[in-house]
Amino acid sequence: MGTTGSPQSAHTHDLVLRGADVVDGSGGPAYRADVALRDGRIAVIAPEGGGVPRPGGARVVDADGLALSPGFIDMHAHSDLALLRDPDHSAKAAQGVTLEVIGQDGLSYAPVDDATLAAVRSAITGWNGGAPGDTSVDFDWRTVGEYLDRIDTAHGGHGTAVNAAYLIPQGTVRMLAVGWDDRPATPEEVARMRQLVAEGLEQGAVGMSSGLTYTPGMYASDAEITELCRTVAAYDGYYCPHHRSYGAGALQAYEEMVDLSHEAGCALHLAHATMNFSVNEGKAPDLLALLDRALDDGADITLDTYPYTPGCTTLVAMLPSWANAGGPEAVLDRLADDETCARIRHVMEVEGADGCHGVPIEWDAIEISGTSNPALSDYVGKTVAASAAERGEEPFVTARRLLIEDRLGSTILQHVGHEDNVRRIMRHRVHTGGSDGILQGAKPHPRAYGTFPQYLGRYVRELGVLSLEECVAHLTSRAAARLRLPDRGLVREGYRADLALFDPATVAAGSTFENPRVLPTGLPHVLIDGRFVIEDGRRTSTLAGRSVRRTPSASEGR
């Protein structure tokens, strides 16, 4: 669908989207309308046959046959450095994503001091790149506010490809106040962490994340996290945990987070709320019943998922937590010691490491998706078991070598999910969409490039798991409500003109496990702030993305 000049001489608006099928994000039926934009907002919606004059504009886009929806909100993104490094960022922009929530899984780059920054850069190289020595990003911030300012002024002051909201990473906060030690925090350290969380929220963060299978955040007790969540609640933010197990004990781990948030009086958003591993096959109804009981009792809970079965993380995350104590250099020292490695292997292969969610590791389900060291690219696309067979050695030996030679920078796909669980959870009344997309590596998970068109193409059009209107509501207004954004997530007059135009008959993810960096089809136009980020299926040079900061509530007497 191309663009034309306005047929009217009075150009009262910047842009008119003519004859679109408006799927407004509310979940209500689609309707045909002209939508006029002015100064970055939706100025007029003129439904067909509604008696409202057709608006004119300086430019008109023929949207016949296209659905017009709010831009999609990625509630779980790992673009913390990609936004700063890559002005194009088509991986998300081309999906119709107009806002990403970063700072996930308890580990990100603010707040930090010099030493903590160096440690966290090493710890999550597999997620984001940016290892010490990488000069592609100038790490010139230390506070949350400075990081958000950097988003606003990225790429020569023009901003970023899409908008971003930030969660304060609890693991980084613990690293800054306590270090990497596996021990209870002292009262003074808890007070320091609460201060850091408060400062981050005051500077614009929307909540706090945790990675409770990642060190050092996993060393925090429930009581410690509850105290931090009390601070989050005081600022009307929300808590977003990657909880303590997605495998053995998953239901108990979900219940732990529900109870913790209730005790703290804090809103809860469950990150990548999956039920994986063989022990959880068919158990999605048990999780949803747990959530329904809490919701019926008045709890404020939401969740996000991605529409795929395999998970994705780093290889080092599979180790037992005690092997990760002390930070990356300490881990490498342990991996170099044969006796210690024998203990690690026993825990991983026999007992089930907490890093692998209490389930004995299946090396034929662990596929290497990327390495930081290009010389190790031969591992990519193969399971650890397959690489070991090629070398005539045991899988643990192969994994150990890879961890050491790649300095913990390898990413993996973990093929442990269940399709029925995925479908059941995505239908739930508090479900939102999150890609959990790691953009690093030669063969990343296709969800990084395909999550949102995968929902619209496969799960709406092909499988009918959700109606189009329901699905768009999950991906837009529900997420905006969780983020407490008063003017996003709906196609409404006065709302921000962050919009996606797609063809419901053809929209589809192009990315696959074999070719994961392929952009989607059937999604010709994406606008942020009323400006084309994607136009006629191509990325423009527009950098309309900015930080989206927490709006102070009227009750904050600070």
Side-chain angles (χ1 to χ4, degrees), residues 75-76 101 103-106 167-171 173-174 184-185 187 190-191 193-194 196-198 200-201 205-214 217-246 248-275 280 283-305 357 424-425 428-432 434 478-484 550 553-557:
M75 287 296 289
H76 192 102
V101 185
Q104 298 285 354
D105 294 328
L167 293 168
I168 301 164
Q170 171 258 331
V173 167
R174 196 175 209 270
V190 172
M193 287 188 281
R194 291 194 67 171
L196 290 167
V197 171
L201 291 160
V206 295
M208 181 181 76
S209 74
S210 283
L212 299 180
T213 64
Y214 301 124
M218 70 188 303
Y219 300 143
S221 66
D222 284 1
E224 178 183 316
I225 297 170
T226 299
E227 289 304 305
L228 302 187
C229 284
R230 294 188 200 280
T231 299
V232 174
Y235 286 87
D236 208 21
Y238 70 93
Y239 178 45
C240 179
H242 164 130
H243 50 271
R244 297 190 192 274
S245 176
Y246 288 83
L251 282 173
Q252 294 91 330
Y254 281 113
E255 186 171 14
E256 175 190 11
M257 294 298 100
V258 171
D259 291 345
L260 185 156
S261 64
H262 175 75
E263 175 67 21
C266 186
L268 176 67
H269 180 84
L270 296 165
H272 37 59
T274 57
M275 291 292 286
N280 290 316
K283 289 188 177 180
D286 298 334
L287 167 61
L288 301 180
L290 166 67
L291 299 182
D292 283 335
R293 288 193 296 271
L295 289 163
D296 291 345
D297 287 340
D300 184 358
I301 301 174
T302 49
L303 59 86
D304 67 68
T305 69
H357 309 282
R424 286 177 179 270
I425 293 170
H428 195 264
R429 53 178 160 151
V430 297
H431 170 265
T432 67
R478 287 189 185 177
R482 163 51 67 224
L483 296 169
R484 308 200 194 285
R550 186 192 65 90
S553 65
S555 62
E556 287 179 23

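Values reported hereafter were calculated over all heavy atoms of this structure, with side chains retained and with hydrogens, waters and symmetry mates removed.
- The side-chain tip of Arg550 does not point at the ring of Tyr235 from less than 6.0 angstrom away and within 45° of straight on.
- Here the closest non-hydrogen pair linking Ser221 and Arg244 is C-NH2, 3.9 Å.
- Side-chain contact between Leu167 and Tyr239: absent, with no pair of heavy atoms (C-beta onward) separated by less than 4.5 Å.
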Step-by-step side-chain contact (heavy atoms from CB on, under 4.5 Å) determination, His262 to Asp297:
CA-CA 10 Å; His262 175 75; Asp297 287 340; over 6 Å; no

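- Side-chain atoms of Arg230 come within 3.5 Å of backbone N or O of Glu263 as a donor-acceptor pair.
- Among all heavy-atom pairs drawn from Ala267 and Gly237, the shortest one is CB-O, 4.0 Å.
- Of the N and O atoms on the side chains of Ser245 and His357, not one donor lies less than 3.5 Å from an acceptor on the other residue.
- Residues Pro184 and Glu224 form no side-chain contact, since every pair of their non-hydrogen atoms from C-beta on lies 4.5 Å or further apart.
- Classified by interplanar angle (parallel below 30°, tilted 30° to 60°, perpendicular above 60°), the ring pair His243/Tyr254 is tilted.
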Give the intermediate values and the outcome of side-chain contact (heavy atoms from CB on, under 4.5 Å) for residues Leu303 and Met75.
CA-CA 9 Å; Leu303 59 86; Met75 287 296 289; over 6 Å; no

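- Here the shortest heavy-atom pairing between Ser209 and Pro169 reads OG-CA, 3.7 Å.
- Across all their heavy atoms, Val232 and Cys266 have their closest contact at CG1-SG, 3.7 Å.
- With sequence neighbours excluded, no residue forms a salt bridge (charged side-chain N to carboxylate O under 4.0 Å, His left out) with Glu255.
- When side chains are defined from C-beta on, Arg429 counts as touching Leu295, because their heavy atoms get closer than 4.5 Å.
- Proximity of a side-chain donor or acceptor of Arg424 to a complementary backbone N or O of Pro285 within less than 3.5 Å is not detected.
- With values rounded to the nearest 0.5 angstrom, Arg174 atom CZ is found 8.5 Å from Ile225 atom CD1.
- Between Val258 and Leu291 there is a side-chain heavy-atom pair separated by less than 4.5 Å.
- For the pair Ser210 (side chain) and Gln170 (backbone), a donor-acceptor distance under 3.5 Å is absent.
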side-chain contact (heavy atoms from CB on, under 4.5 Å) between Leu260 and Met257, worked out:
CA-CA 5 Å; Leu260 185 156; Met257 294 298 100; 4.1 Å; yes

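- Residues Thr432 and Arg478 have side chains that never bring a donor and an acceptor to within less than 3.5 angstrom of each other.
- Residues Pro241 and Leu268 form a side-chain contact, since some pair of their non-hydrogen atoms from C-beta on lies under 4.5 Å apart.
- Side-chain atoms of His242 and Thr213 form a donor-acceptor pair, as typed in the model, at a separation below 3.5 Å.
- Exactly one residue among His272, His431, Arg482, His269 makes a side chain to side chain donor-acceptor pair (under 3.5 Å) with Asp304. That residue is His269.
- Taking all atoms of both residues into account, the shortest heavy-atom contact from Leu251 to Leu290 is O-CD2, 4.1 Å.
- Closest approach of Val206 to Leu201, counting heavy atoms only: C-CD2, 4.2 Å.
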Step by step, work out the side-chain contact (heavy atoms from CB on, under 4.5 Å) result for Leu228 and Ile168.
CA-CA 11 Å; Leu228 302 187; Ile168 301 164; over 6 Å; no

